[in-house]
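Heads up: the structure comes next, in structure tokens.
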Protein chains: 2
Amino acid sequence: MAQKIKLSTIAESLGLSTATISLALRDSPLVANDTREKIKEQARALGYIYNRRAASLRTSRSGIIGVVVHDIMNPFYGEILKAIETELDRSRHTFILSNHYDSVEKQRTFIETLLQLGGDGVIMSPAIGTPIEDVRLAEQNGMPAILVARSMEGVDLPTYRGDDSYGISLATNHLIGLGHRAIAMIGGTDQTSTGRDRYQGYVDALHRANIEVDANLRIPGPRTMQGGFEAAVYFLSLPQKPTAAVCWNDLVAIGLMNGVARAGLVPGVDISVTGYDDLEQASISTPSLTTVSNGQAEVGRLAARALLDRLEGSHEPDGIHLIKPEMRIRQSTGLYRPRA
Amino acid sequence: MAQKIKLSTIAESLGLSTATISLALRDSPLVANDTREKIKEQARALGYIYNRRAASLRTSRSGIIGVVVHDIMNPFYGEILKAIETELDRSRHTFILSNHYDSVEKQRTFIETLLQLGGDGVIMSPAIGTPIEDVRLAEQNGMPAILVARSMEGVDLPTYRGDDSYGISLATNHLIGLGHRAIAMIGGTDQTSTGRDRYQGYVDALHRANIEVDANLRIPGPRTMQGGFEAAVYFLSLPQKPTAAVCWNDLVAIGLMNGVARAGLVPGVDISVTGYDDLEQASISTPSLTTVSNGQAEVGRLAARALLDRLEGSHEPDGIHLIKPEMRIRQSTGLYRPRA
DNA sequence: CTGAAAGCGCTTACAG
DNA sequence: CTGAAAGCGCTTACAG
């Protein structure tokens with residue numbers, strides 16, 4: 001590797017000062033047009049690489065934004081990230097990504113690393129059990145935080161997520177409308193706000209239809225395709241003989257349908273199944289999945305915008321911003337028919 | 001936010017010099033045990049945050065490693081990334097991730113950003129059409145590059161990927177062994193080394209079995225579940241009435257099976273389908289997918305190790321390191337039976 | 001075992 | 001419109 005090119009290299013080669021070079025490269029109107037062009041030309045010719053660390057040490061702005069979610073391999077988060085990426089790209093921010101796999105430790109390490117790098121802000125879907133201090137750590141060191149997909153009690157941060165309780169009630173009502181009565185709820189956990197809200201939405205919908213809530217019809221836990229697949233056997237063996245399942249998300253629903261099919265029953269005919277999220281693969285599963293659109297793209301876009309606005313000084317109101325979910329009716333749900 | 005705590009803050013509060021503080025925090029043996037403990041204690045008490053930008057400006061090592069692949073939402077890359085993450089985590093490196101979506105521009109912007117941040121190295125799955133200069137740009141500025149999943153002609157970089165030609169021949173031979181003769185190849189592109197190698201492996205396997213290669217049985221393009229799903233109609237309408245399909249990857253295969261099922265045929269019985277990659281979802285699709293394990297985890301792990309080794313000065317040999325693929329036989333392939 | 005001083009490569013008032 | 005100088009917060013020889 002050749003001699004390192006820096007501002008002073010360019011300055012000397014042109015007989016100017018580093019101040020002028022610096023200003024020119026950042027398109028300051030303080031530099032004459034001719035000079036600016038000459039400087040940019042020379043920078044290109046020499047293969048100059050801007051040293052952001054030096055700049056950011058001086059300005060205390062790094063252009064780095066951190067994003068930490070449960071698992072980027074989960075397409076639900078993937079779709080949120082894609083929207084965030086699109087939004088940040090156009091503002092020339094670099095984003096640093098991490099999974100926390102619901103480990104509070106891993107999440108804290110990430111926040112600390114981000115602070116060390118001088119991150120300008122962080123978008124997070126907080127890990128289960130995140131202590132308030134960990135979020136405060138960011139804020140107190142001048143790094144604003146925005147929450148996505150999950151809320152946190154006791155902090156007043158801008159939070160963008162779907163209206164889970166309403167969304168799950170759409171799915172539950174849809175099944176009730178088709179004549180189902182023994183409706184199981186599969187997946188999710190009480191440890192997240194999302195989990196509690198969805199279960200509550202399901203319970204409320206049943207109540208409104210005067211259907212007794214049977215706690216044994218709740219199968220908590222599964223959040224993945226594998227989880228849904230494995231839950232199928234247990235689901236089918238329930239003595240209540242449920243004819244429908246409200247699933248935690250599309251992955252669980254698709255896994256469950258595969259499990260049901262493997263057991264010789266036909267999903268959408270013998271067993272009605274709803275998903276949640278409306279992932280890209282929901283419409284092409286077999287049968288195509290009736291689900292609830294959860295507005296991931298909107299969540300990501302709004303969260304990124306909110307953070308960028310904050311960095312520019314304009315202060316969006318704090319608190320929870322709920323995205324309205326929408327029903328997507330496809331082939332995985334059908335009229336009630338009793339189990340053989 | 002309170003007063004910024006820096007080394008000198010700690011130094012003054014303890015009546016020591018910043019040099020001592022710096023050494024103590026990094027566990028230098030030059031500092032007495034008692035002093036070190038006192039310093040660490042005080043750093044914690046004051047809520048000191050290490051400024052990596054300042055340190056890296058001085059040492060010209062940032063602890064940042066960049067990773068750029070086609071699309072992190074594709075589980076194939078997701079599995080590679082997960083392995084890289086695991087490996088880098090234990091060496092306390094931060095990794096910056098980006099998709100290039102096969103845009104050479106986006107990829108170059110990423111490399112430039114990484115250089116500006118003083119990245120220590122980069123792991124990349126090069127975008128289609130990547131010019132050699134873009135990779136050289138990294139190397140010439142002291143940022144070693146490692147390639148994964150795709151090779152590049154004309155550069156002598158360490159490259160980790162599966163043996164595609166051999167892998168696809170395993171799948172093709174398996175179908176031939178079941179009695180299939182009209183075997184289509186669905187998906188992929190001649191624009192990547194992987195695409196060319198896989199097609200070649202398929203052609204070679206047919207030749208070896210004295211089966212004439214029919215160019216019309218190749219349906220290039222699809223790389224996603226959606227793509228496989230959409231290809232199903234065309235595939236089923238081919239006048240050669242193929243009874244089997246070697247798919248570009250698991251996603252295409254699963255999409256195709258869904259499309260085949262939607263058309264009223266039974267995948268694994270009427271139409272045999274093989275995938276590639278052995279993603280987690282391959283074993284739980286309906287029917288479970290016969291596929292080729294592509295060693296993603298191994299690719300990611302080895303690539304990360306190779307980069308870390310290089311950063312520590314030991315020089316692994318350059319060139320292509322092929323991971324041996326393995327056949328996974330499941331339910332999506334069955335004995336030949338003529339199409340109705 | 002600890003300290004004083006220089007320097008990493010920028011940007012930003014301040015002069016002119 | 002351009003330049004000289006200070007300083008961002010570290011680390012690293014060099015002294016003692």
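Naming: A, B, ... by sequence-line order, numbering from 1 per chain. Small disclaimer: the values here were computed from a predicted structure and weren't measured.
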Ignoring backbone atoms, establish whether [X] has a side-chain N or O less than 4.0 Å from OP1 or OP2 of [N].
| X | N | result |
| --- | --- | --- |
| A:R58 | C:dT12 | no |
| A:S17 | D:dG3 | yes |
| A:S60 | D:dC8 | no |

Candidate nucleotides [options], ranked by approach to the side chain of [X] - the nearest:
| X | options | value |
| --- | --- | --- |
| A:L23 | C:dG9, C:dT11, C:dT12 | C:dT12 |
| B:S22 | D:dT11, C:dG9, D:dG3 | D:dT11 |
| A:K4 | C:dG9, D:dG3, C:dT2 | C:dG9 |
| A:A19 | D:dT12, C:dG3, C:dT12 | C:dT12 |

Please give, in whole Å, the distance from [N] [atom2] to [X] [atom1]?
| X | N | atom1 | atom2 | result |
| --- | --- | --- | --- | --- |
| A:R61 | C:dC10 | CZ | C1' | 17 Å |
| B:Q116 | C:dC8 | CD | P | 20 Å |
| A:L25 | C:dG9 | CG | P | 16 Å |
| A:L16 | C:dC10 | CG | C1' | 17 Å |
| A:D27 | C:dT11 | CG | P | 12 Å |
| A:L115 | D:dG9 | CG | P | 15 Å |
| A:E12 | C:dG9 | CD | P | 12 Å |
| A:I21 | D:dC1 | CD1 | P | 16 Å |

Taking side chain as C-beta onward, heavy atoms only, is [X] less than 4.5 Å from [Y]?
| X | Y | value |
| --- | --- | --- |
| A:S125 | A:V68 | no |
| A:I65 | A:T94 | no |
| A:P144 | A:L311 | yes |

Can you tell me how far the NZ atom of A:K82 sits from the CD1 atom of A:I72, to the nearest 0.5 Å?
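Spacing of NZ (A:K82) from CD1 (A:I72) equals 11.5 Å.
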Hey, what do you get for CD1 (A:I21) to CD (A:Q42), rounding to the nearest 0.5 Å?
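Nearest 0.5 Å value for the CD1-CD distance: 8.5 Å.
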Between A:R26 and A:S22, a side-chain donor and acceptor under 3.5 Å
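The answer is yes; a qualifying pair exists.
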Would you mind telling me which of B:D34, B:L14, B:L7 makes a side chain to side chain contact (heavy atoms under 4.5 Å, CB included) with B:I39?
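That would be B:L14.
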Have a look at B:G15 and say if it touches a base, only the backbone sugar-phosphate, or nothing, with a 4.0 Å heavy-atom cut-off.
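Touches sugar-phosphate only.
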Is B:R44 salt-bridged to B:E41, cutoff N-O under 4.0 Å?
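Salt bridge: yes.
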Residues from residues 30-57 of chain A lying under 4.0 Å of DNA chain D - heavy atoms
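Those residues whose heavy atoms fall under 4.0 Å from DNA chain D, taken from residues 30-57 of chain A in numerical order, are A:L30, A:V31, A:A32, A:T35, A:L57.
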Can you tell me the pairing partner of C:dA4 across any strand shown, Watson-Crick or G-U wobble, with both distances under 3.5 angstrom?
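The base-pairing partner of C:dA4, which may sit in any strand shown, does not exist here.
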Need the pair for C:dA13. Rule: Watson-Crick or G-U wobble, both distances under 3.5 Å, any strand; none if unpaired.
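Paired with no nucleotide.
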Identify, between A:T18 and A:P29, the residue whose nearest nucleotide on DNA chain D lies closer to the 5' end.
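Between the two, 5'-proximity favours A:P29.
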